[in-house]
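Data first, discussion second: the structure below is written as structure tokens.
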Amino acid sequence: MLQNIGVPGLILILVIALIIFGPSKLPEIGRAFGTTLKEFKKSTRDLVSDDQEEAGEKAKKKLV
């Protein structure tokens, strides 16, 4: 769905966001979105590393 937006679609979305929220709120919204995305990536990375550690421990137990 998102791969069909293109540059004109993104520009339209940004203009609508500018009209709705105003220029003073957009940096605040962007900062909140960036923080949320950073926390999501960190949580995902932690979950993947935990799964890999568990898989490594199971492989060690099989060898012993």
Side-chain angles (χ1 to χ4, degrees):
M1 183 172 108
L2 290 177
Q3 61 248 46
N4 296 332
I5 290 178
V7 175
L10 288 176
I11 292 173
L12 181 65
I13 291 171
L14 289 174
V15 168
I16 291 172
L18 184 63
I19 291 170
I20 292 174
F21 297 112
S24 62
K25 287 284 185 180
L26 282 182
E28 189 176 316
I29 293 169
R31 228 176 282 118
F33 180 73
T35 303
T36 303
L37 188 61
K38 187 171 82 172
E39 289 177 13
F40 178 75
K41 284 183 178 180
K42 183 179 179 245
S43 298
T44 304
R45 212 175 297 126
D46 289 344
L47 286 173
V48 169
S49 67
D50 287 346
D51 287 344
Q52 288 176 349
E53 287 175 9
E54 288 177 12
E57 289 174 5
K58 287 181 183 178
K60 286 181 184 177
K61 287 181 182 179
K62 285 184 179 180
L63 292 175
V64 176

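The shortest distance between side-chain heavy atoms of R31 and P27 falls below 4.5 Å.
In the hydrophobic clustering of this structure, I20 groups with L12; members are Ile, Leu, Val, Met, Phe, Trp, Tyr whose side-chain heavy atoms approach within less than 4.5 Å, directly or through other members. Criterion: ILVMFWY side-chain heavy atoms under 4.5 Å apart, direct or through other members. Under it, I19 and I11 are part of a common hydrophobic cluster. Transitive grouping of hydrophobic side chains (ILVMFWY, heavy atoms separated by less than 4.5 Å) brings I16 and L18 into a common cluster.
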